[in-house]
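Report on the structure given below.
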Amino acid sequence: MLVVITSAGIGKRLSPYTKNLNKGALPFNNQPAIVKIINSYPDDYQFILCVGHQGQKLLNILKFYGLLKKIKICKIDKYDETNGSLTYTLKKALKYINEPFYFHANDSIINKMPNITHENNLIFVNQSKDNNNLYRKIIINKNKKISNFVHKSYKINKKDNYLNYTGVCFIHDYIKFKNLIHKSDSKIGESEFIKKNIKTFNYHILNNWVDIGSIESFEKNAYIGHNVLPKPHQQIYINSRFVLKFFEDKNKIKNLILRSKKLKDITPKLNFFSNNLIYYKYIPGQMFNNQKKINLYELLTYFNEKIWTKKINKKIEVIKFQNILLKFYKDKTINRIDSYFKNYSIIDNVTYINKIKVDKVYKLLGRINWGHITSSKQTLMHGDLHFENILISNVGNIFALDIRDDFKNINYFGDVYYDLAKILHGILVSHECVSKNKYKYKNHFNNVEISITKGKNYNKNIINFYEFCNFYKFDVKKIELICSLIYLNIADLHHFPYSHFLFNLGKLLLMRSINNDNNIQIFITNTKLLT
């Protein structure tokens with residue numbers, strides 16, 4: 001049996017995630033959507049895959065999963081909104097369609113395709129009444145037969161019994177379909193055939209259908225069971241054998257492999273697959289906050305021994321390193337804040353955050369003692385050390401996942417204070433709480449209110465963190481200040497309203513750090529930041 005999957009378009013509704021990646025490559029339940037779709041059909045089915053926008057990256061992913069052998073690739077040259085259309089894509093695929101077939105849109109996810117008889121045209125529908133304005137519909141008459149196929153803008157009558165079209169159908173009359181598409185001047189693809197031949201269609205209700213064509217649905221379903229936050233510039237795919245990572249910037253790949261060799265004591269071996277893909281062997285275990293074998297003090301002591309106090313054979317001049325730190329902490333922060341303001345078309349007019357008066361962010365940056373920030377010694381570092389990147393294996397080994405590719409163009413070392421600040425940032429803002437939307441951001445006439453639910457083991461972790469820092473004589477004030485800069489930096493990398501929450505949190509904590517208030521855990525308790 002044949003399945004035609006269309007995955008050529010630019011995926012405008014899912015921008016910015018689709019800016020540099022085909023929509024079919026976005027993760028659903030920790031694997032590429034296109035892989036989920038193919039695996040929902042019987043193993044002996046064959047596929048025609050229409051690819052255009054960022055098509056080669058999608059094909060590289062399918063090659064990694066070993067699926068290309070059952071796929072005929074149809075490359076689409078015109079796929080943008082101006083020149084391309086679903087009908088144009090199907091016209092290009094017609095020469096490969098020589099039997100009855102399934103049509104399947106690349107954002108329509110079904111756990112397992114139901115067994116059906118292949119004797120008639122069939123449209124797959126869903127009973128949900130949510131987001132009715134997003135889908136074409138079939139109208140069902142009193143005899144439970146299809147009476148009409150209508151556009152998503154169709155005004156539903158209260159008496160109408162309707163079902164939403166899922167973007168999946170079976171075309172039995174394939175010759176008639178080919179003739180219609182070949183002559184068509186429309187842009188609506190298979191929907192034109194369904195509309196004109198609706199009386200020949202039966203319908204099948206799907207109860208396990210998920211549409212990932214919207215930002216909200218994609219983010220909700222991307223990483224089920226893992227506290228991973230979707231990012232526009234990279235994606236991660238996880239199964240019981242391996243972890244595959246996609247990077248928009250292919251230059252990161254070489255550096256990541258080099259750094260994984262330097263940090264082999266704490267991180268899995270990274271393997272190259274293509275310009276944008278690396279992978280490592282899956283390690284059974286639990287993320288740090290979900291296990292009870294070791295506490296945070298023991299974890300930090302381990303990292304201190306394995307990376308932060310490890311001898312570095314090759315160092316650079318102190319002044320040069322200080323300049324690198326200045327660019328990393330100051331220049332990058334300013335650039336990210338500029339981008340944040342530009343992308344959201346806002347200016348810094350917030351005067352109160354949680355009833356505390358705050359200065360404008362650039363004024364706060366101007367009050368930082370950057371010499372204090374850049375006084376760190378050169379050390380090995382992980383670069384993105386938070387609890388969702390720390391795995392305790394089933395046999396008790398510690399692995400730090402997803403290392404940073406470099407530290408301002410330095411491949412092998414960086415600043416221990418950045419690692420410690422990343423740990424603190426993850427204690428205060430739990431990825432798990434963010435993924436469950438357990439945070440608040442409200443802006444009422446430039447008076448902002450923010451809060452977030454305490455993460456798992458918060459009290460124990462925050463005590464362990466400060467005990468470790470004090471025992472090993474790390475500069476707590478520097479860690480806290482860098483932590484506030486981290487929030488300001490990452491605000492532009494995340495979705496609304498989380499981005500605004502992060503920016504205002506960073507601004508509030510920066511104000512606190514500069515004014516030398518009490519330690520963060522006391523400060524945020526007083527401001528009712530953690531709930």
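Along the sequence shown, residues carry numbers from 1.
A distance-only check finds no donor-acceptor pair linking the side chain of N447 to the backbone of T351 [under 3.5 Å]. Side-chain atoms of S15 never come within 3.5 Å of backbone atoms of K19 as a donor-acceptor pair (strictly under, hydrogens ignored). Side chain of Y329 to main chain of I373: no donor-acceptor pair is present (N/O by atom type, distance under 3.5 Å, no hydrogens or angles). For the pair T18 (side chain) and G11 (backbone), a donor-acceptor distance under 3.5 Å is present. A side-chain donor-acceptor contact under 3.5 Å links N489 to the backbone of L485. Counting only distance, with no hydrogens or angles, the side chain of S217 and the backbone of D211 share a donor-acceptor pair below 3.5 Å. In this structure, T267 contributes its side chain and K264 its backbone to no donor-acceptor pair below 3.5 Å.
In summary, D402 and K245 engage in a salt bridge, as defined by a charged side-chain N under 4.0 Å from a carboxylate O. At a threshold of 4.0 Å, the pair K507-D359 does not count as salt-bridged, since none of the basic side-chain nitrogens sits closer than that to a carboxylate oxygen. A salt bridge does not link D406 with R259: every distance from a Lys NZ or Arg NE/NH1/NH2 to an Asp or Glu carboxylate oxygen is 4.0 Å or more. Salt-bridge formation is detected for the pair D265/K310: a Lys NZ or Arg NE/NH1/NH2 atom is positioned less than 4.0 Å from an Asp or Glu carboxylate oxygen. With salt bridges taken as basic N to acidic carboxylate O contacts below 4.0 Å, one links R512 and E480. By the 4.0 Å N-to-carboxylate-O rule, D492 lies too far from K342 to be salt-bridged with it. Between K220 and E216, none of the side-chain N atoms (NZ, or NE/NH1/NH2) sits under 4.0 Å from a carboxylate O, so this pair counts as no salt bridge.
Between S451 and F501 the shortest heavy-atom distance is O-CE1, 3.5 Å. Contact between A491 and S499 at its shortest, heavy atoms only, is O-CB, 3.0 Å. Across every non-hydrogen atom of L229 and H494, the tightest pair is CD1-CE1, 4.0 Å.
Put simply, the side chain of N290 reaches to within 4.5 Å of the side chain of K456, judged on heavy atoms. Residues P268 and L401 are in side-chain contact: their nearest non-hydrogen atoms beyond the backbone lie under 4.5 Å apart. You'll find the side chain of V361 reaches within 4.5 Å of the side chain of F341, heavy atoms only. Side chains of N39 and Y65 form no contact here, defined as non-hydrogen atoms less than 4.5 Å apart. Side-chain contact check for Y472 versus T301: some heavy-atom pair is nearer than 4.5 Å. Under the 4.5 Å side-chain criterion, counting only non-hydrogen atoms from C-beta, L509 is in contact with L428. Using a 4.5 Å heavy-atom cutoff, the side chains of H425 and I490 are in contact. Looking only at side-chain heavy atoms (C-beta outward), N343 and F496 stay at 4.5 Å or farther from each other.
Note: F247 and H233 fail the aromatic proximity criterion, with ring centroids not under 6.0 Å apart. Two rings, from Y135 and Y165, have their centers 6.0 Å or more apart. Aromatic rings from Y487 and F503 are positioned such that their centres are separated by 6.0 Å or more. Centroid-to-centroid, the aromatic rings of F64 and Y237 stay 6.0 Å apart or farther. Between H226 and Y223, a ring centre-to-centre spacing not shorter than 6.0 Å is recorded. Taking the six-membered ring wherever Trp is involved, the centroid distance between the rings of F303 and H382 does not fall below 6.0 Å. Ring pair F242/Y282: centre-to-centre distance not below 6.0 Å. In summary, the aromatic rings of F474 and F468 are positioned with their centroids under 6.0 Å apart.
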Residues 24-35 side chain polar contacts: donor-acceptor under 3.5 Å, at least two apart:
{"residue": "N30", "atom": "ND2", "partner": "I224", "partner atom": "O", "Å": "2.8"}

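Just one of N295, D419, I423 meets the side chain to side chain contact (heavy atoms under 4.5 Å, CB included) condition when paired with L300; it is I423. Only one option out of V243, N239, L244 pairs with R241 in a side chain to side chain contact (heavy atoms under 4.5 Å, CB included); it is N239. Across K442, K355, H444, K440, a single residue satisfies side chain to side chain donor-acceptor pair (under 3.5 Å) together with E449, and that is K440.
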Could you go through N461 and N289, starting from their C-alpha distance and side-chain angles, then the distance that decides it, and tell me whether this counts as side chain to side chain donor-acceptor pair (under 3.5 Å)?
CA-CA 9 Å; N461 287 335; N289 239 8; 3.1 Å; yes
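Among residues at least two apart or in separate chains, there is no salt bridge (Lys or Arg N to Asp or Glu O under 4.0 Å) pair with a member in residues 386-401.
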